[in-house]
Structures are given as C-alpha cells and as structure tokens.
A.B. asks: 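After the structure tokens below, expect a handful of questions from me.
Quick caveat: nothing in here was measured; it's all calculated off a predicted structure.
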Amino acid sequence: MKKKLLAILSAAMMFSVMGAGSAGAAPAKAVPTESHITLKSGSVNVYDYGDVKLHAYFTNDPLADVAYIVEGKKALAGIELPAFTAGLDAWKDYVKSLGKPMNDIFIVCHPAGASYIKGMNVYGTEGAQKSIVSGSTGATTQGLFAAFGADFHGGDDTAAITNTVSGKVQLAGVDFEVIDRGESYDLAIPSMNVVYTHMLGKTTHSILTSAAHIEAFLQMLKEYQAAGYAMILTSHGGPEGQDAVAEKISYLNKTKEIMQQSKTADVFKANMKTAFPAYDGENYLDMTAGFLYLSLIHISEPTRQA
C-alpha cells in the first residue's frame, strides 16, 4: 500500500518538459577516473575530471534518491538534497570531509532538509520556486512528510529557492547552464559534458500525462543526443548514458504506437507489458494509463449526430 502511495505522490514530482529552452552542444571531455566511497548511510561515486569533480551520493533511503556535489578548485556546489535524517547527516558529514566551503546549492525537485543548508544560497528557476511554494513539488513533499513523518524533512524543514536564475550561472568556479522546463529545470555542466534532469530511467516505465507530454519528452531527449552528453545525471537512478537516452526514445515512440492501437487503459497496460517485459515501475505505468486515457476520452469518442 505504501509503495503505491509513494508512486502516486511521485507523479506530481515528475520532471516537466513542457518549457522552452535547450542547451548547446558541449565539447567532448576526457573520461573521468572513478572511485567509490561507502558512508554510514549510503555511498558516493566520485568522478574526477582533474580541475573539477562530481560526487554522486546514493542515499539508499526509502525513495532511493541521489544527490550531487560539484567540486571546483576552491569550493563546492550542490544539486538536490537527500530527504531523510540518516541521508542528510551522512551528506553533511561528507561535505565537511571535502575540506572546501559549500555556500551554494541548486534545488530542482527535492527541497526537503532546509535546516541542513541554513545560510546557503539556494538557486533555481522561477517556475521551480513556485512549484515548491504552491505547486506539485510542494504538494508531493508535504505528502511524503505526511506518509513518513519527521524522519522525512518536509513540513517546516522544506527549503525555498532564494535566488531565481536562468541561462548561464557560475558557482564554485564551475559554469552551469540552467535550462527551464516549466515547474522543473535541467542543469548542464559543460566542463564535464553532463546534464542533470530529475528522472530518466533506461528500463523503467515513465510517468506520461498526455500525447503532448510525450512529444515534449522526445524533444528533450533529442536535445541530449544532439549535445552529446557523456552522462545524464538523475535523482532517481544516478548517472546514465546515451544508451539510456536512445532506449527511452525507442520506448516513447513505441508507447505512442501502442496508445493508438489500444482502446482502453487496461489493453494499453497489457500491450506495454508485452512490449517491455523487463521494465520496472509498474505503478508508473498504471499512472500513465490513467493520465493518457483520461485525456483521450474527449478526443476518442465519435461525434454524435443530432
């Protein structure tokens, strides 16, 4: 029951790809050296590019969230927060262990844990700020707080974006490009040839709300291919590659085909399971079917003659 509740709540936090904006192609970068560090709670994969490092913190919490730290020569910048006490404690201790100041963080869709970043500059788009205050991100955060209690740092411990930005931003001596996606946004990091987005999932069903959403998602993925990003960073699954982008494009095109062939939500789900038998995220598929066939009701019924 709880698993289904979490999937329903997470529907509101799916990335928004309806907004305008795209990143230009990033130059190819050297392959980083990689290392792995086990923490008291969760673990970190470190990608060392020389002058800059990327730290991917796998929380192993009930939501399997991933947060990121970008390390420049003299300072650190964060991307997203863990949400549960053990993860936040481990994250804060790890930040301290790096021996560089962290004054800045981007919050996209995971704002739980404000007390752990007290005094930091919190960056994001105007749309993401509104979504935290009165939109889907805020509603989901408070829904999860109600489901898990104080161990999930929602409620009064929800962070707010204090610096609204767009386009090119430099934090910790590292250049970022903020790509507006409506209620959410992507972050390109040219020096690493990577981009952060909320969700991707190579072999996980996606939450799709309409035919227009599918088309916008496809356009975003094609932007990723054109830019040639070496990794797509996600807060649900961690870093993924261009193979995940290609797989998701194939998945979306097949979903469009199945949607046209399936007259009901149940038939759609059955056909999707046949087409993608090894995919995770069946609850996401349930939600997609609900969204798509609710939106299709009014356009699929034949016009009645008087």
Side-chain angles (χ1 to χ4, degrees), residues 6-7 9-19 21-23 25-26 45 47 54-61 63-68 70 79-80 106-110 125 128 131 136-137 140 176-189 192-210 212-256 272 275-276 278-285 287-288 291:
L6 295 178
L9 289 169
S10 68
M13 288 195 70
M14 74 185 117
F15 49 83
S16 174
V17 296
M18 305 303 288
S22 63
N45 284 356
Y47 303 86
L54 174 70
H55 305 257
Y57 172 43
F58 293 80
T59 64
N60 292 336
D61 65 22
L63 301 178
D65 290 339
V66 183
Y68 297 90
V70 176
I79 302 173
E80 302 286 37
F106 289 100
I107 297 294
V108 186
C109 295
H110 292 189
T125 59
S131 188
S136 62
T137 301
T140 301
F176 297 84
E177 184 173 358
V178 178
I179 308 166
D180 198 338
R181 302 290 184 189
E183 285 196 338
S184 181
Y185 60 95
D186 290 353
L187 275 173
I189 311 176
M192 300 181 190
N193 195 26
V194 305
V195 65
Y196 168 82
T197 194
H198 181 213
M199 298 174 72
L200 183 59
K202 180 179 177 179
T203 57
T204 300
H205 288 290
S206 295
I207 305 168
L208 305 167
T209 60
S210 66
H213 181 197
I214 293 172
E215 293 300 332
F217 195 177
L218 277 167
Q219 178 58 40
M220 184 182 80
L221 294 173
K222 290 174 182 177
E223 291 174 11
Y224 291 174
Q225 285 187 324
Y229 295 120
M231 289 194 299
I232 294 83
L233 314 177
T234 74
S235 54
H236 296 277
E240 300 186 71
Q242 284 289 342
D243 58 330
V245 175
E247 174 71 20
K248 188 61 70 172
I249 288 174
S250 178
Y251 170 87
L252 293 173
N253 284 326
K254 186 65 176 179
T255 298
K256 289 166 57 178
M272 287 290 286
F276 303 100
Y279 268 50
D280 297 320
E282 189 171 333
N283 285 334
Y284 287 179
L285 177 60
M287 287 184 282
T288 289
F291 283 126

A.B. asks: Evaluate the ring planes of Phe217 and His213, with Trp represented by its six-membered ring, and classify them as parallel (under 30°), tilted (30 to 60°) or perpendicular (over 60°).
C.D. replies: parallel

A.B. asks: Can you find a side-chain donor-acceptor pair between Ser235 and Tyr68 that sits under 3.5 Å?
C.D. replies: no

A.B. asks: For residues Ala56 and Tyr47, report the shortest heavy-atom separation together with the two atoms involved.
C.D. replies: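 Heavy atoms only, the tightest pair is CB-CE1, 4.3 Å.
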
A.B. asks: Roughly how far, to the nearest 0.5 Å, is OH of Tyr185 from OG of Ser131?
C.D. replies: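 Here the rounded value is 11.5 Å.
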
A.B. asks: A side-chain contact here means heavy atoms from C-beta on lying under 4.5 Å apart; do Leu63 and His110 qualify?
C.D. replies: no

A.B. asks: Nearest 0.5 angstrom please: Thr125 OG1 to Arg181 CZ, how far?
C.D. replies: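 It is 11.5 Å, given to the nearest 0.5 Å.
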
A.B. asks: Could you check whether any side-chain heavy atom of Leu187 comes within less than 4.5 Å of a side-chain heavy atom of Val195, counting everything from C-beta outward?
C.D. replies: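 Counting from C-beta outward, Leu187 and Val195 never come under 4.5 Å.
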
A.B. asks: Do Thr197 and Tyr224 come within less than 4.5 Å of each other through their side chains, counting heavy atoms only?
C.D. replies: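 Yes, close enough: below the 4.5 Å cut-off.
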
A.B. asks: Calculate, to the nearest 0.5 Å, the distance between atoms NE2 and NZ belonging to His205 and Lys248 respectively.
C.D. replies: 8.5 Å

A.B. asks: Looking at Tyr251, does the NZ or CZ of Lys254 lie under 6.0 angstrom from its six-membered ring centre and within 45 degrees of the ring axis?
C.D. replies: no

A.B. asks: Do the side chains of His236 and Val66 get nearer than 4.5 Å, heavy atoms only?
C.D. replies: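 The answer is no; the side chains never approach within 4.5 Å.
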
A.B. asks: Indicate yes or no: at least one non-hydrogen side-chain atom of Tyr284 is less than 4.5 angstrom from one of Met199.
C.D. replies: yes

A.B. asks: Before you tell me yes or no, could you show the steps for Ile249 and Gln225 under side chain to side chain contact (heavy atoms under 4.5 Å, CB included), namely the whole-Å CA-CA distance, both residues' side-chain angles and the distance that decides it to 0.1 Å?
C.D. replies: CA-CA 10 Å; Ile249 288 174; Gln225 285 187 324; 3.4 Å; yes

A.B. asks: Atom CD in Glu223, atom CD1 in Ile179: separation rounded to 0.5 Å?
C.D. replies: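 Between atom CD of Glu223 and atom CD1 of Ile179 there are 7.0 Å.
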
A.B. asks: For the side chain of Thr288 and the backbone of Ser206, is there at least one donor-acceptor N/O pair under 3.5 Å apart?
C.D. replies: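 A pair under 3.5 Å: yes.
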
A.B. asks: Report yes if some heavy atom in the side chain of Tyr279 is under 4.5 Å from a heavy atom in the side chain of Leu285; otherwise report no.
C.D. replies: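 With C-beta onward as the side chain, the pair stays apart.
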
A.B. asks: What's the separation between atom NZ in Lys256 and atom CG in Leu208, rounded to the nearest 0.5 Å?
C.D. replies: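 Here the rounded value is 11.5 Å.
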
A.B. asks: Would you say Glu240's side chain and Val245's backbone share a donor-acceptor pair under 3.5 angstrom?
C.D. replies: no

A.B. asks: Atom CG in Leu54, atom CD1 in Ile79: separation rounded to 0.5 Å?
C.D. replies: 7.0 Å

A.B. asks: Taking the six-membered ring for Trp, are Phe106 and Phe176 ring centroids under 6.0 Å apart?
C.D. replies: yes

